[in-house]
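Throughout, protein chains are lettered first and strands after them, A, B, ... in sequence-line order, and every chain is numbered starting at 1.
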Number of protein chains: 2
Amino acid sequence: MVAQRGRRNGAAAHKRTGSRRGPDADNAPTAELPAVTENGADPEARVKAIPEAAVARMAVYLRILSAMAEQGGTTVSSEELSAAAGVNSAKLRKDLSYIGSYGTRGVGYEVQVLIGQIERTLGLTRQHRVAVVGIGNLGHALANYGGFPGRGFPVEALFDIDPDLIGVPVGGVPVSHLDDIPVVCAERQISIGVIATPPAAAQTVCDRLVAGGVQCILNFAPVVLQVPEHVEVRKVDLAVELQILSFHVARRADNKVNGQVVEDPIPGAADEGVVMPS
Amino acid sequence: MVAQRGRRNGAAAHKRTGSRRGPDADNAPTAELPAVTENGADPEARVKAIPEAAVARMAVYLRILSAMAEQGGTTVSSEELSAAAGVNSAKLRKDLSYIGSYGTRGVGYEVQVLIGQIERTLGLTRQHRVAVVGIGNLGHALANYGGFPGRGFPVEALFDIDPDLIGVPVGGVPVSHLDDIPVVCAERQISIGVIATPPAAAQTVCDRLVAGGVQCILNFAPVVLQVPEHVEVRKVDLAVELQILSFHVARRADNKVNGQVVEDPIPGAADEGVVMPS
DNA sequence: AGGTGTGAAATCTTTCACAGCT
DNA sequence: AGCTGTGAAAGATTTCACACCT
């Protein structure tokens with residue numbers, strides 16, 4: 001086979017990931033309209049390719065904006081908003097530019113307008129029914145989160161395999177059996193499945209959720225799920241988070257051997273010095 | 001070539017306080033790791049800077065390798081390991097190359113060796129004492145996680161503000177009061193603090209953890225924490241995760257409009273651009 | 001002045017593809 | 001023949017810096 005890739009954002013190109021699956025997908029471009037990317041003066045801005053990273057930040061901006069609105073704020077500058085979100089203003093403006101131009105030069109953004117636009121972009125104008133699988137400690141916590149973040153994500157189904165739990169209502173929703181996942185999810189039009197089971201059960205549960213028509217999965221189990229192409233998976237992995245922090249602790253200790261912290265590490269290196277922070 | 005991490009030069013120093021870490025994906029460069037020390041075998045190539053993204057994946061590789069070791073596996077090829085981790089083999093090899101050359105051409109990697117090297121890189125050869133703040137549903141779940149991911153992250157302190165909880169042992173550790181965070185953390189040499197409190201309390205808790213000498217924070221509260229430079233923060237935000245998934249559901253639906261709709265035709269949710277006042 | 005919107009440059013990541021060991 | 005290790009190309013994201021409105 002000769003090289004057939006490296007297609008610079010050209011026109012005709014099936015945006016396919018070489019192999020059959022790509023669960024990783026942490027950086028895939030967001031839209032995939034082959035040739036028809038035009039979106040001129042459409043009153044309803046067509047969803048262009050918003051970088052995945054920007055989408056994640058939008059959610060943060062949204063929360064901050066909501067808080068500001070609640071406190072009576074009516075306008076914000078990119079400087080203010082970005083500071084509250086912990087990013088720099090250029091990034092904030094760039095992010096917002098992906099969804100349109102809703103600011104006023106010399107003034108800033110209108111809080112309400114921005115909230116509306118971000119909500120629209122994130123698809124928050126519709127409901128996304130959620131199912132939580134695995135009603136252990138974590139599942140309980142999730143189920144009781146009550147409608148999840150603000151409304152928009154009602155928990156409509158719970159599942160577990162423990163006979164003692166079946167039928168018991170948690171947070172107002174009765175627990176069903178794992179075996180019923182496909183049926184119940186289909187019936188209740190679940191669009192997001194949350195997996196909070198032990199790792200061993202995760203893949204099976206995932207398969208059933210998919211069978212039930214669930215399109216998106218939020219996985220708390222420390223397992224890499226295999227899913228069909230059309231299903232979106234996000235992973236929240238406590239162990240990974242802690243280990244990343246561990247890495248930083250270790251790195252820091254190494255860089256600190258002299259009691260001096262440096263921004264740019266010096267190729268001086270040190271052994272695995274065990275330095276305790278003072 | 002001057003490639004310093006210099007700050008801006010145009011605008012003077014603003015007060016963009018801490019919180020340099022983004023919401024989701026990370027973007028801060030990772031400092032260089034000093035050369036190996038212990039069992040040498042590190043002739044030349046000094047370990048370069050390990051990309052943050054690679055660090056996160058290492059943790060995943062590690063888990064898979066451990067599972068393989070448990071099942072008696074002794075060697076793996078990049079192809080096998082990468083498939084199990086859900087990435088492609090080139091990425092896996094590149095990631096591993098950041099920590100050294102521990103594979104054997106024509107053969108693969110020795111599971112045990114890789115485990116050891118990754119653990120060393122992630123700083124898992126030392127203990128990282130953890131404190132969990134906020135013993136609600138989530139905090140309970142975390143506290144009971146028991147030593148967290150395979151030992152190495154012992155939970156040594158718990159905090160809450162509820163008088164009824166103070167003194168009560170959860171998962172073997174008695175709950176202390178929020179006010180005692182600085183003292184207790186310092187005493188017990190806590191290096192990682194986990195915040196599982198309501199958003200309103202998060203920043204205060206964070207400040208106390210920092211006062212207690214905690215260097216890394218895993219934040220479950222939907223708040224952007226402001227921290228001094230030397231403190232590392234990772235955020236796990238359920239709302240953000242769900243909203244990202246929501247975005248994908250919406251996008252998918254949009255792209256399918258001219259083709260065939262296949263998903264949730266939610267009755268009575270047909271609006272766009274209009275803010276739901278619910 | 002004051003602040004947005006955005007090409008263009010700088011950076012960071014991923015992927016290619018093949019030299020080089022075993 | 002098989003598989004790792006890696007320079008180099010391709011992509012994606014972030015940052016700069018400035019034209020351009022109010």
Does B:Arg57 place a side-chain N or O at less than 4.0 Å from the phosphate oxygens OP1/OP2 of C:dT14?
yes

To the nearest angstrom, the CG-P distance between A:Leu96 and C:dG5 comes to 8 Å

> Any side-chain N or O of A:Ser78 less than 4.0 Å from the OP1 or OP2 oxygen of C:dG3?
Replying inline: no

Ranking C:dT13, D:dA17, D:dT15 by distance to the side chain of A:Lys91, first place goes to D:dT15

Whole-Å distance, A:Arg105 CZ to D:dA17 C1', equals 14 Å

Whole-Å distance, B:Glu79 CD to D:dG5 P, equals 14 Å

The nucleotide from D:dT13, D:dA19, C:dT6 with an atom nearest the side chain of A:Glu52 is D:dT13

Contacts of A:Ala90 and A:Gly106 projected onto DNA chain C by closest heavy atom; the upstream (5') one is A:Gly106

B:Ile50 atom CD1 is separated from C:dT11 atom C1', nearest whole Å, by 18 Å

- Message: Looking at D:dA12, I'd like to know if its phosphate oxygens (OP1 or OP2) sit under 4.0 Å from a side-chain N or O belonging to A:Tyr98.
- Response: no

Taken to the nearest whole Å, CE/A:Met58 to C1'/D:dT13 is 13 Å

Of the listed C:dT4, D:dG5, C:dT22, the closest approach to the B:Thr104 side chain comes from C:dT22

* To do: May I ask you to evaluate whether B:Tyr102 reaches the phosphate of D:dC3, defined as a side-chain N or O under 4.0 Å from OP1 or OP2?
  => no

Atom CG of A:Asp95 and atom P of C:dT4 are separated, to the nearest Å, by 14 Å

When you compare the side chains of B:Arg120 and B:Thr125, does any donor N or O come within less than 3.5 Å of an acceptor on the partner?
no

Which of A:Val113, A:Ile115, A:Val60 passes side chain to side chain contact (heavy atoms under 4.5 Å, CB included) with A:Leu65? Answer is A:Ile115

**Crowding at CD, B:Glu110 (>12 non-hydrogen neighbours, <6.0 Å)** = no

Tell me whether the OP1 or OP2 atom of D:dT6 has a side-chain N or O from B:Lys94 closer than 4.0 Å.
-> no

Rounded to whole Å, the CG-C1' distance (A:Leu92 to C:dG5) equals 12 Å

To the nearest angstrom, the CG-P distance between B:Asn88 and D:dA10 comes to 17 Å

Ranking D:dC20, C:dC21, D:dC18 by distance to the side chain of A:Arg93, first place goes to D:dC18

* To do: Side-chain contact test, heavy atoms from C-beta onward, threshold under 4.5 Å: evaluate it for A:Gln243 versus B:Met58 and give yes or no.
  => no

**Message:** What I want to check is whether the side chains of B:His248 and A:Glu52 have a donor and an acceptor closer together than 3.5 Å.
**Reply:** yes

